[in-house]
Undergrad: 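Take a look at this one; I'll ask things after.
Since we're looking at a predicted model, the values are computed, not measured. Note: hydrogens, waters and symmetry copies are ignored here, and every other heavy atom, side chains too, is used. Every chain is numbered from 1 and lettered A, B, ... according to where its sequence line falls, protein lines coming before strand lines.
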2 protein chains.
Amino acid sequence: GHVIVCGFGRNGRKAYLELRASGAQVVVVELDEAVLQEDVADEAAQDKNISVVRGDATLDDTLRAAGVERARALITTLPKDADNVFVALTARELAPSITIVARASLKSSETKLLRAGADSVVMPDEIGGSHMANLIMRPEVIRFLDMISGLGPHRLRLEELRTEELRPELRGRSIRELDVRSRTGTTVIGLRHQSGEFTISPPADIVPVPGDVFLFLGTEEQIVKLLDLFRLV
Amino acid sequence: GHVIVCGFGRNGRKAYLELRASGAQVVVVELDEAVLQEDVADEAAQDKNISVVRGDATLDDTLRAAGVERARALITTLPKDADNVFVALTARELAPSITIVARASLKSSETKLLRAGADSVVMPDEIGGSHMANLIMRPEVIRFLDMISGLGPHRLRLEELRTEELRPELRGRSIRELDVRSRTGTTVIGLRHQSGEFTISPPADIVPVPGDVFLFLGTEEQIVKLLDLFRLV
Ligand SMILES: [Ca+2]
Ligand SMILES: [Ca+2]
């Protein structure tokens, strides 16, 4: 299914670009024609293949026109928290199993959004504020986080792979036997277990079981090689 | 030295709280008395020990009153990018070696801020937008990043330690000899070299040299134990 992005402000544009870069199909919902046209220097606005539904995302009909019933996920980034609550309620009603991610300006909107049906709430001002403080107090930490989230100058890519996505001949092998590092240059930086527990830098003798999710870290090139060699086609 | 936070909006407040949590001394610069009082539910606004300079951060005298010449760092989070450029220029002029972190709304302001003297520029809307897209496309990755940046429910702490900060008897030893994991439960997740290069999950036989910075990952308790056992007092 596709991903619906409600609101094409700075937040929505960045989400749109990242989704496209990851290969997702995206439908943008935006009320204001001017916002869609503004700032020709903007990479997202220049995209000729962008799918747009012009309309008010808080209305059932608009979300239906954006194909909410078939969508895998919806991101709502409208300027007012109250409107995002309304969108989350509507989307949850029309598509009970859709994944909903909502932006919030105020901390006090977080629980309202979760009650309205959002699966996750993101507060850009809080994230930005933490980031600024950490740049001063723990600069290496931030450099590392930027690197692994693909924001910094030395970009690395963090990729997840479920055990079930491994080629069949690679399942049931220990991390040592998989020999990821010498075959691809990437590192198994974590293993998330079905229980929700997380093993950081898992020991080489661990044998991942079904339900486990690998987290690999490497350069873009190394990750591409990894997916090529290890992932089920 | 202390840290100056210019602007006490949502961004500045969050930065303030994080800085205080890390034990930094903070001076807030804010023009608007109403902003300082508003929203009594706000944790930052309720802080009785907060040091505030009321005034326009773009003026030399205000920054001087905030002790810019003695400060280790300045974070500028004024609503207008142009004002943040002006603050960065002023601060750089008055305190050539201060660390300056600036917030930007527009991507196009980034180079202007760097030219004006900012060491780092943070764009909350971009970070928030990426975060929302990644929550859908790579949920395990985001869960991991939230965990290691202390945002998620399963909090881990990522801590940096320079080789020079190690107890003298521990210097010149390989990672295997340091035996960090069995002694403290933490993991050496990275090693940053003076060249700027970064080794992820460094092999156990590496011997860190002066200038290298360790990145450790563990629970709060494990990191406290690590600092207690390994860090120079
Ligand atoms: Ca949403
Ligand atoms: Ca600054």
Undergrad: Looking at A/Arg181 and A/Gly185, would you say the former's side chain and the latter's main chain have a donor-acceptor pair under 3.5 Å?
TA: no
Undergrad: Please state whether the side chain, the backbone, both or neither of B/Leu135 comes within less than 4.5 Å of a heavy atom of chain A.
TA: side chain
Undergrad: Measure A/Ser120 against the heavy atoms of chain B and call it side chain, backbone, both or neither at under 4.5 Å.
TA: side chain
Undergrad: Let's test your reading of the structure: which of A/Ala24, A/Gly128, A/Gly129 forms the most heavy-atom pairs below 4.5 Å with chain B?
TA: A/Gly129
Undergrad: A cation-pi test, strictly: NZ or CZ of B/Arg13 under 6.0 Å from the centre of the six-membered ring of B/Phe8 and no more than 45 degrees from its axis. Yes or no?
TA: yes
Undergrad: Between the side chains of B/Asn11 and B/Thr77, is a donor N or O closer than 3.5 angstrom to an acceptor N or O?
TA: no
Undergrad: Look up atom CE in A/Met132 and atom CE in A/Met137, then write down how far apart they are to the nearest 0.5 Å.
TA: 15.0 Å
Undergrad: Given a strict heavy-atom distance threshold of 4.5 Å, which part of A/Ser22 is in contact with chain B: side chain, backbone, both, or neither?
TA: both
Undergrad: What part of B/Ile200 lies closer than 4.5 angstrom to a heavy atom of chain A: side chain, backbone, both or neither?
TA: both
Undergrad: Does B/Asp83 pair with B/Arg103 as a salt bridge, N-O distance under 4.0 Å?
TA: no
Undergrad: Could you check which of A/Pro139, A/Gly9, A/Ala73 has the highest count of heavy-atom pairs closer than 4.5 Å to chain B?
TA: A/Pro139
Undergrad: Is B/Leu217 close to chain A through its backbone or its side chain, or both, or neither, when contacts mean heavy atoms under 4.5 Å?
TA: side chain
Undergrad: Looking at B/Val122, B/Val5, B/Val121, which makes the most heavy-atom pairs under 4.5 Å with chain A?
TA: B/Val122
Undergrad: Ignoring hydrogens and angles, tell me if any N or O in the side chain of A/Ser195 forms a donor-acceptor pair with the backbone of A/Glu197 under 3.5 Å.
TA: yes
Undergrad: Under 4.5 Å from any heavy atom of chain B, what part of A/Ser105 do you find: side chain, backbone, both or neither?
TA: both
Undergrad: Is it true that A/Asn84 and A/Thr76 share a donor-acceptor pair across their side chains at a distance under 3.5 Å?
TA: yes
Undergrad: Which region of A/Leu19, side chain (C-beta onward) or backbone (N, CA, C, O), has a non-hydrogen atom less than 4.5 Å from a non-hydrogen atom of chain B, or is it both or neither?
TA: both
